[in-house]
**Q** 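Sharing a structure below in structure tokens format, with a few things to ask.
It should be emphasised that the depicted structure is a prediction, and the values quoted were computed from it without experimental measurement.
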Amino acid sequence: MAGPMLRWCCPVGRWALACIDGGSRYGRGAATGCTSSGKRGQSSVAQQPRITAQKPRKGEHEWAAVVGLEIHAQISSNSKLFSGSQVHFAAPPNSLVSFFDASLPGTLPVLNRRCVEAAVMTGLALNCRINKKSLFDRKHYFYADLPAGYQITQQRLPIAVNGSMVYGVCVGKKRSQVINKTVRVKQIQLEQDSGKSLHDDLRSQTLIDLNRAGVGLLEVVLEPDMSCGEEAATAVRELQLILQALGTSRANMAEGQLRVDANISVHHPGEPLGIRTEVKNLNSARFLAKAIDYEIQRQINELENGGEILNETRSFDYKLGCTVPMRDKEGKQDYRFMPEPNLPPLLLYDAESLPTAADPQQVINIDQIREQLPELPSVTREKLVQRYGMLPEHSFALLNEVGLLEFFQNVIKETRAEPKKVTSWVLNTFLGFLKQQNLAVSESPVTPSALAELLNLLDRKAISSSAAKQVFEELWRSKGKTPAQIVSEKKLELMQDQEALEQLCHAVMEGHPQVVTDVKKGNPRAINKLIGLVRKATLSRADPTVIKEILEKKLSPGDVSGPSARGRTVQP
């Protein structure tokens, strides 16, 4: 039997890879959920228009929720998994469709080398065992956007199995503690995407766009090791960061490049797992968390009211904040899996098994791919904590926003300010402004150089903290201006004349004797009023710390320069 052709598509060039026939069947079980105890009614369910959580009555059983995930990530590749058609988001409908994508009789699949390498790289990053021999299968179902009536996937023997991924969950009242959790990766398989159905309710018709048909996907199946929406959403976000770091997928959920199916069930601890439902096609981490938490509570309430859970597929209505039934859950027998007759087994090699006379362009070497693995997010976070002394949750925040880590590192390179101060400004002020205006880091009007210059002014005490915030706001509004220009225009420089500042403090104390008395009587807050009055007199151009030092000195019992010294005779 002839081997499949393995195309090189990144960026150009095509290479052939010969494979031999053979192989054994390997059954893939559906992902279920994990066990985690929790009392009924305590899950963080967002928006429950149809279900109201009840408080547990004394003596009632606890419930455990079980969550497993199937994640479909679109592979970053110039062409599709089995055809030479280009992959491009938002292209005109049906403009990127080859004869094979449209399932014309007589067309045959040609395997994309880039997609295979992406699957191997992802498997290695997720600590999987890479199968040197994997098989392709046909999964049958009939829908308008699947022209062949089947999908080519890897049901019997996928390309990677038995991995694990560590992700961090923020806990505590202020969400300031990070606890590491591990989720097992059951398998990673290659498969082709279907087309897209566009439902036109106005004209009562459905239009089909086959641009997406045949695009290469990585299906990552996570074992039942999660127990709530937050854990699932955090695990998906970690996987998203890993895929982006590897370059194997852009994993943009808004563009449908990362889609999640969640399998959810509940049971009493110590008892068998309950019947699960599947919530399909979740393309937002926030909606994923909401859908899972809602479904957990719905199942608990259904069981406690004497009902039963159906093994069904549901979808999440984000407007109502609830899951709704779609169809009965299809079992393996419904898909009529069979070996793909046009694709023999895919063979991979490592340094030991690589044939001596093999052309490197004709084979895929697992060890060679392993050597090319980039730094993973977990390693990056660890380095940030060690190098800059930041808190673990801050390292998570820097990586969670696209482009934010690079912005932070560029600021660090150009400023003398302490890393902790830079971290605070980037995560609080800068990120806060971005979120207020719903902007990406790349769309920010403030550049790393501008923020670095501002922090340098603050570091050498040329401006106060409050003045620095005014300068930042002006930088955000006025492109092209430098912090130094803004400081000069608005006269925000700190007062450097110590004697003048002492005279101002003295005048304020003279004018507010009652506040001075309150301070001397032991009211610590009264001094803040004096500081505020002095700052107002200096148009916020004085450093509050310096003002406080001067006031405390003048208010100390041994000082005779304050207002209380008037008329007092100084003894020699």
**Q** Can you tell me how far the NZ atom of Lys421 sits from the OG1 atom of Thr415, to the nearest 0.5 Å?
**A**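 Here the interatomic distance stands at 9.0 Å.
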**Q** How about Asp225 and Val67: do any of their side-chain heavy atoms sit closer than 4.5 Å?
**A**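 Side-chain contact under 4.5 Å: no.
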**Q** Output, in order, the C-alpha distance, side-chain angles, deciding distance and verdict of salt bridge (Lys or Arg N to Asp or Glu O under 4.0 Å) for Lys139 and Glu191.
**A** CA-CA 10 Å; Lys139 175 183 178 181; Glu191 63 183 30; 5.7 Å; no
**Q** So Phe408 and Tyr388, ring-ring contact (aromatic ring centres under 6.0 Å, His included) or not? Walk me through it.
**A** CA-CA 11 Å; Phe408 168 81; Tyr388 302 118; 5.4 Å; yes
**Q** Test salt bridge (Lys or Arg N to Asp or Glu O under 4.0 Å) on Glu117 and Arg114 and set out the steps.
**A** CA-CA 5 Å; Glu117 290 177 334; Arg114 160 64 183 164; 5.3 Å; no
**Q** Strictly by modelled atom types, are Glu295 and Gln299 linked by a side-chain donor-acceptor pair under 3.5 Å?
**A**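 There is such a pair between these side chains.
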**Q** Classify the side-chain pair Ser315/Asn281 by whether it contains a donor and acceptor separated by less than 3.5 Å.
**A**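 On atom types as modelled, these side chains do not qualify, holding no pair under 3.5 Å.
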**Q** So, is the end of the Arg237 side chain (NZ or CZ) under 6.0 Å from the ring centre of Tyr167 and within 45° of the ring's axis?
**A**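 The answer is no, since Arg237 fails at least one limit relative to Tyr167.
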**Q** For residues Ser353 and Asp350, is any side-chain donor paired with an opposing acceptor at under 3.5 Å?
**A**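 Asp350 and Ser353 do have a side-chain donor-acceptor pair below 3.5 Å.
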**Q** Could you go step by step and tell me if Glu401 and Lys435 meet the salt bridge (Lys or Arg N to Asp or Glu O under 4.0 Å) rule?
**A** CA-CA 11 Å; Glu401 196 73 28; Lys435 290 188 180 297; 3.5 Å; yes
**Q** Tell me whether the rings of Phe287 and Phe316 are parallel (<30°), tilted (30 to 60°) or perpendicular (>60°).
**A**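 Because their plane-to-plane angle lies in the 30° to 60° range, the rings of Phe287 and Phe316 count as tilted.
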**Q** Examine the side chains of Thr323 and Arg314 and answer whether a donor and an acceptor come within less than 3.5 Å of each other.
**A**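 Their side chains do contain a donor-acceptor pair, which is all the 3.5 Å distance test asks for.
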**Q** For Asn180, does the CG atom sit with more than 12 other heavy atoms under 6.0 Å from it, leaving out its own atoms?
**A**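 More than 12 heavy atoms, drawn from other residues, nucleotides or ligands, come within 6.0 Å of this atom.
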**Q** Aromatic ring centroids of Phe472 and Phe433 under 6.0 Å?
**A**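 Yes, they do, as the ring centres are separated by less than 6.0 Å.
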**Q** Dump the intermediate steps for side chain to side chain contact (heavy atoms under 4.5 Å, CB included) on Asp193 and Arg259, then the final yes or no.
**A** CA-CA 11 Å; Asp193 207 347; Arg259 309 190 294 273; 3.0 Å; yes
